[in-house]
Engineer: 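Here you go, one structure.
Values reported hereafter were calculated over all heavy atoms of this structure, with side chains retained and with hydrogens, waters and symmetry mates removed. By convention in this document, chain letters (A, B, ...) are assigned in the order of the sequence lines, proteins followed by strands, and residues within each chain are numbered from 1.
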There are 2 protein chains.
Amino acid sequence: MDKLTNIFREKNLKLTPQRYAIYKYLKSTKSHPSAEMIYDTIKADFPTMSLATVYKTVRTLIELGLVQEINVGEDNFRFDANVDNHPHIVCITCGKVDDIEDAAFEHLNQDVENFTNYKVSTHKLYFYGICPECQKEL
Amino acid sequence: MDKLTNIFREKNLKLTPQRYAIYKYLKSTKSHPSAEMIYDTIKADFPTMSLATVYKTVRTLIELGLVQEINVGEDNFRFDANVDNHPHIVCITCGKVDDIEDAAFEHLNQDVENFTNYKVSTHKLYFYGICPECQKEL
DNA sequence: ATCGATGCAAACCTTTTGCACCTCT
DNA sequence: AGAGGTGCAAAAGGTTTGCATCGAT
């Protein structure tokens, strides 16, 4: 975690306990929590934590390139400390959001350049379906 | 537009001038306007139009399957009367949102099923890049 | 007369901002 | 003392809801 300290120091930012806790939590989970979910979780360890600090911190983490923001079509954003560009899949039954790993979709950018006159730099891919657990319950 | 009338009548909904104007506007444009943009446009013809009616109407149109909602990562939703499932591309310079037409990405659902244990039903694909017009200005 | 729709205002939710206080150096 | 951070409360968007009025059948 020395690396983290350096990243912060380089920008004259402080790696406070709150910031560290939020980043560590995001690194530890694959649940793609919203700000509210982060707040509820961290509050257990930091009773004085405020929602404003969560928002300010995720904004900082995004600017540092340590976290990415996703929007699966809900009315809020979710956060992911896995900053590799990877698709997400949403269970339309239980609402869970999973990563899709090991699937290479980078070639899609080139495909899209062939169909448009855009210079394509990135993409966000969201799939929707029913997760294995919810399939069992049918 | 008789078809529209029928769709509304079947659900005991009324095709009011406001609703008609909003749908017609959405059908006529490829700009993927937000509720606010729709409101500003329609207000020229319907000075009494309220933003609440825009929101209520797009909600109704979505439930009728006549309009789809997209979120390119802004803090609001945009609306598209092209309900075919097609990808969108956002110009990161001017903010424009274009359709990507004629590109078949339906096979991606199958690809994703092969990588996950989800039963995949649909997807939303957003690409980001620089549009032809903005490329010229560089 | 009935039933849904409109449009205003208020409420709601997520996110941002202002500001006083705090921490660390 | 100085610089950035926290956390409260207030503000700021975007969106929804309640309700009285309107309009068409």
Engineer: Tell me which of A:Glu36 and A:Ala52 sits closer to the 5' end of DNA chain C, going by the nucleotide each one is nearest to.
Structural biologist: A:Glu36
Engineer: Sub-3.5 Å donor-acceptor pair from the side chain of B:Arg78 to the main-chain atoms of B:Ser31, do we have one?
Structural biologist: yes
Engineer: Side-chain donor-acceptor pair under 3.5 Å between B:Glu113 and B:Asn109, yes or no?
Structural biologist: no
Engineer: Among the candidates C:dT14, C:dG7, C:dT6, find the nucleotide nearest to the side-chain atoms of B:Thr57.
Structural biologist: C:dT6
Engineer: Looking only at side-chain atoms of B:Ala35, point me to the closest of C:dA5, D:dT6, D:dT15.
Structural biologist: D:dT15
Engineer: Expressed in angstrom and rounded to an integer, what is the separation of B:Phe46 atom CZ from D:dC22 atom C1'?
Structural biologist: 15 Å
Engineer: Nearest heavy-atom pair of B:Gly73 and A:Phe77: which atoms, and what distance?
Structural biologist: O-CZ, 3.7 Å
Engineer: Output the single nucleotide from D:dT15, D:dA3, C:dA5 whose closest atom is nearest the side chain of A:Lys14.
Structural biologist: D:dA3
Engineer: Would you kindly give the OH-to-C1' distance between B:Tyr39 and C:dC8, to the nearest whole Å?
Structural biologist: 10 Å
Engineer: Side chain of B:Leu51 only, heavy atoms from C-beta on: which candidate in D:dT15, D:dT6, C:dG7 is closest?
Structural biologist: D:dT15
Engineer: Measuring from the side chain of A:Met49 (C-beta onward, heavy atoms only), which nucleotide among C:dG7, C:dA5, D:dG7 has the closest atom?
Structural biologist: D:dG7
Engineer: Identify the two heavy atoms, one from A:Asn76 and one from A:Asn71, that lie closest to each other, and give their separation to 0.1 Å.
Structural biologist: O-ND2, 3.5 Å
Engineer: Below the 4.0 Å mark, does C:dT16 have OP1 or OP2 next to a side-chain nitrogen or oxygen of A:Tyr55?
Structural biologist: no
Engineer: If I take atom CZ in residue A:Arg59 and atom P in nucleotide D:dG4, what distance separates them, rounded to the nearest angstrom?
Structural biologist: 20 Å
Engineer: How many Å lie between CG on A:Asp75 and P on C:dT14, as a whole number?
Structural biologist: 6 Å
Engineer: Quantified as the angle between the terminal helix axes (five pairs each), what is the overall bend of the helix from C:dA1-D:dT25 to C:dT25-D:dA1 to 10 degrees?
Structural biologist: 10°
Engineer: Given D:dT6, is OP1 or OP2 found less than 4.0 Å from the side-chain N or O atoms of A:Thr16?
Structural biologist: yes
Engineer: Would you indicate what B:Thr53 reaches in the nucleic acid, counting non-hydrogen atoms under 4.0 angstrom: base, sugar-phosphate, or nothing?
Structural biologist: base
Engineer: When the distance from CD of B:Gln18 to P of C:dC8 is rounded to whole Å, what number comes out?
Structural biologist: 11 Å
Engineer: Can you tell me which residue among B:Thr60, B:Leu26, B:Val83, B:Leu4 is in a side chain to side chain contact (heavy atoms under 4.5 Å, CB included) with B:Leu66?
Structural biologist: B:Leu4
Engineer: For B:Glu63 and B:Lys11: C-alpha separation, side-chain torsions, deciding distance, then whether salt bridge (Lys or Arg N to Asp or Glu O under 4.0 Å) applies.
Structural biologist: CA-CA 11 Å; B:Glu63 277 155 20; B:Lys11 307 271 175 165; over 6 Å; no
Engineer: Check this one for me: any side-chain N or O of B:Thr48 less than 4.0 Å away from OP1 or OP2 of C:dG7?
Structural biologist: yes
Engineer: Quick one: does A:Thr53's side chain have a donor or acceptor within less than 3.5 Å of a partner on A:Met49's backbone?
Structural biologist: no
Engineer: Does A:Arg19 put a side-chain nitrogen or oxygen below 4.0 Å from OP1 or OP2 of D:dT6?
Structural biologist: yes
Engineer: When the distance from CG of B:Leu13 to P of D:dA24 is rounded to whole Å, what number comes out?
Structural biologist: 17 Å
Engineer: Output the rounded distance in Å from CG (B:Asn76) to P (D:dT16).
Structural biologist: 12 Å
Engineer: Is it true that the side chains of B:Asp99 and B:His88 contain a donor and an acceptor less than 3.5 Å apart?
Structural biologist: yes
Engineer: Tell me the interatomic distance from B:Phe8, atom CZ, to D:dA24, atom C1', rounded to whole angstroms.
Structural biologist: 16 Å
Engineer: Is it the case that the base of C:dG18 and the side chain of A:Lys56 share a donor-acceptor contact (distance under 3.5 Å, atom types as modelled)?
Structural biologist: yes
